[in-house]
Amino acid sequence: MATRSVRAEEIERELESLLTRETFPPPEEFRRRALIRDDTPWREAQADPVAWWERQARALLDWSEPWQRALDDSNPPFYRWFVGGRLNACENALDRHVRAGRGDRVAFYWRGEEGEERQVTYAQLLHDAERLATVLRERGIGPGDVVGIYLPMIPEVVVAMLACSRIGAPHNVVFGGFSVEALRDRLHFSEAKALICVDGARRKGKTVAVKAAVDRILDELPSLGTVICVRHTGEGAPMRRGRDIWWHEALAGAGPTPPEPLDAEHPLFVLYTSGSTAKPKGVLHTTGGYLTGVAWTQRHVFDLHDDDVYWCTADVGWVTGHSYIVYGPLVCGATSVMYEGAPDYPDKDIWWEICERYGVTIFYTAPTAIRTCIKWGVEYPLRHDLSSLRLLGSVGEPINPKAWLWYWRVIGGGRCPIVDTWWQTETGHILISPLPGVTTLKPGSATRPLPGVDAAVVDDAGREVAPGEQGYLVLRRPWPGMLRTLYKDPDRFVETYFSRFGRETYFVGDAARLDEDGYFWVVGRVDDVVNVSGHRLSTAEVESAIVAHPKVAEAAVIGQADERTGQAICAFVTVEAGVEPDERLAEEIRQGVAERIGKLARPARIIWANELPKTRSGKIMRRLLRDIAEGRALGDVTTLRDPEVIAQLETKVRELQ
Ligand code: WTA
């Protein structure tokens, strides 16, 4: 123990001195083996971006039919890529590797919460996916029919997604941390015909009955005629005749279904994400372009070699899981780790134990996780041999330099480059990121746009701002993996992303700065989206869950800066006349939010307000609330209807501190 704390102290001293170091060129040893070692891809893509993407699509994917036109940009922002080409996502992820004699390769080292292990090969995934595809077909699911997926981190979730793509049924995966009411809304919006779920899920030694909970909402979804239930915890689940079937029973009796060659623009999945209104946005991705972008970035941003063991700690319910746990790694034929449990169960060193046990070489996580590990202390990673690691990645929110340096030194042993990857649900794949064999890193910056990507920082009028100045991040050229529309809502698609700066400039919703070297520094969201532990939540959605409480009159939700989670949800709430707000009401409100959205959206802080600050036209001034909550000097308040409101709130916030 004593030697360990000496080491910990040494590391802490070293971290102090690192704080002044600004640049980190690729280590020579890493560079020598890297797939990309110079700026050739940037130069080639610059010369002809569309032709460059075409070469990647050909090199990385198997097509059953070549495309006639690489990019149809005749009707922006409705771009189409690889027009006329045909392919199948599942075939690219599984069949072709098995055909090439690589069926015995491990696709996933799966690790259960209680330490159980499963090695799942490409051949096994294919065996199950081609049978589940048959089951879905027999239940009348065909191309274009949406299938909901509500599963924990078990190999079946991969099989479920790929079985859908095998028959051209877009999947709609809903994060297991969302409540069944949130699930109901997403299934309803996407008009899902089937749902794949689980009997029960495990979390830190406890089990939750999932199927029984799901049953509560199924009656409200008349178009959903099939439920396929995976037996996982052995809870036992209520099964309704004619509608519900057990996964293992159905698969046992099914033969294989071949992959359906689909149009490059065939919808691959819908994934709901938060926007500035309460209604989540159904981001739609299609097949050919999405897979091209995901495969290229998986291979080159992560410098993926045949002998790598790759681990992305995200959940498949988020886009990071879609692109960099399922499609990216499998299309590239990678060997990955998949872990069911929490990072602190049974103890806070479980991630590092897993890295050691499976010899993880590439590790991809979120800044919030790193900050939590910092809080827990270096003792936990120091318990394990992490020398197999050679590359680290970060995603989901800006990484503060202190967390970056800790990650680099403590986890990466000072030898692993960190790829800080900027992208969104909508972009489909990474767009701004270092290439680890080439790019000199600066802690806190996602560095530069990848080859073929045209990003800029502009002012209100759409003019590029000078280095050092903050502006809006925009993307000025279509890229293959971009969302094609919002599901069943093309007007909202145009309005949200392509109205502010015209139909050919994608409005990201992030604020950013460029530095003198052309490096991008993403600051955070400019819309009413809160980023809690890398999870995107809409303030409007949380507000509507809060005002659903009968004693609440009005609510305004903001993201408040938080050292560990990036942002935390802070709710200003006014109550109905005659109601005396107290801790019990606060608890009821939190519980209501957990039921309507999920535990992750519960407000960390509830501030009772007599009134909310509004403009004369009646809009809640959230910016002002953020300043109040974070104790900042208030800017211009002249547009405020009733300045008295502010003084009252400031007093309340001070009282709470
Ligand atoms: C933020 C997650 C800074 C950003 C893949 C973006 C980041 C939103 C980074 C998308 C990064 C993601 N640096 N900010 N490396 N990566 N973000 O849709 O605000 O869940 O708009 O996709 O996360 O979140 P989403």
Side-chain angles (χ1 to χ4, degrees), residues 173 175 177-178 269-276 280-285 290 293-294 297-298 301 312-328 364-371 392-401 403-404 407 418-434 439 441-450 453 455 457 470 472-475 481-483 486 496-497 506-514 519-538 559 561 565-567 600-601:
V173 181
F175 172 52
F178 277 125
F269 65 83
V270 189
L271 183 59
Y272 283 84
T273 186
S274 302
S276 27
K281 299 183 292 198
V283 170
L284 182 89
H285 283 290
Y290 171 81
V294 166
T297 47
Q298 180 75 57
V301 171
C312 166
T313 66
D315 188 284
V316 277
W318 306 105
V319 75
T320 306
H322 283 59
S323 299
Y324 299 108
I325 292 179
V326 180
Y327 289 107
Y364 189 30
T365 195
T368 183
I370 301 301
R371 288 192 299 266
L392 305 174
S394 169
V395 62
E397 50 174 322
I399 180 162
N400 49 310
W404 194 102
Y407 195 23
I418 297 179
V419 286
D420 176 355
T421 62
W422 177 89
W423 59 296
Q424 309 177 292
T425 306
E426 293 88 341
T427 69
H429 50 87
I430 299 166
L431 292 187
I432 304 177
S433 164
T439 313
L441 311 173
K442 296 186 189 182
S445 169
T447 75
R448 293 189 297 146
L450 289 174
V453 175
V457 181
Q470 191 167 310
Y472 301 106
L473 182 60
V474 293
L475 300 162
M482 66 194 294
L483 80 164
L486 292 177
T496 310
Y497 307 105
Y506 172 86
F507 176 68
V508 165
D510 280 359
R513 287 184 288 111
L514 270 173
Y519 277 44
F520 284 73
W521 298 76
V522 175
V523 178
R525 304 283 310 186
V526 294
D527 52 11
D528 295 323
V529 169
V530 188
N531 193 329
V532 182
S533 299
H535 296 157
R536 244 172 99 167
L537 296 164
S538 134
T565 57
Q567 284 186 307
L600 71 168

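Both counts, for ligands and for their atoms, begin at 1 and track the order of listing.
For His535 and Trp318, the gap between ring centers is short of 6.0 Å. A distance below 6.0 Å separates the ring centres of Tyr506 and Tyr497.
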Per-pair distances, ligand 1 N/O vs protein N/O, less than 3.5 Å:
residue	atom	partner	partner atom	Å
ligand 1	13 (N)	Glu397	O	3.4
ligand 1	14 (N)	Pro398	N	3.4
ligand 1	15 (N)	Asp420	OD1	2.7
ligand 1	15 (N)	Thr421	O	2.8
ligand 1	16 (N)	Gly396	N	3.1
ligand 1	17 (N)	Gly396	O	3.3
ligand 1	18 (O)	Thr425	N	2.8
ligand 1	18 (O)	Thr425	OG1	2.6
ligand 1	18 (O)	Arg536	NH1	2.7
ligand 1	19 (O)	Asp510	OD1	2.9
ligand 1	19 (O)	Asp510	OD2	3.1
ligand 1	21 (O)	Gln424	NE2	3.1
ligand 1	21 (O)	Asp510	OD1	2.9
ligand 1	21 (O)	Asp510	OD2	3.0
ligand 1	21 (O)	Arg525	NH1	2.8
ligand 1	22 (O)	Thr425	N	3.4
ligand 1	23 (O)	Gly396	O	3.2

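The aromatic rings of Tyr327 and Tyr290 stand perpendicular to each other, their planes meeting at an angle above 60°, with 30° marking the opposite boundary.
Thr365 and Thr313 form a side-chain donor-acceptor contact under 3.5 Å, judged by distance and modelled atom types alone.
Ion pairing between Glu397 and Arg525 fails under the 4.0 Å rule for side-chain N and carboxylate O.
Using modelled atom types, one side-chain atom of Tyr324 and one backbone atom of Ile430 make a donor-acceptor pair closer than 3.5 Å.
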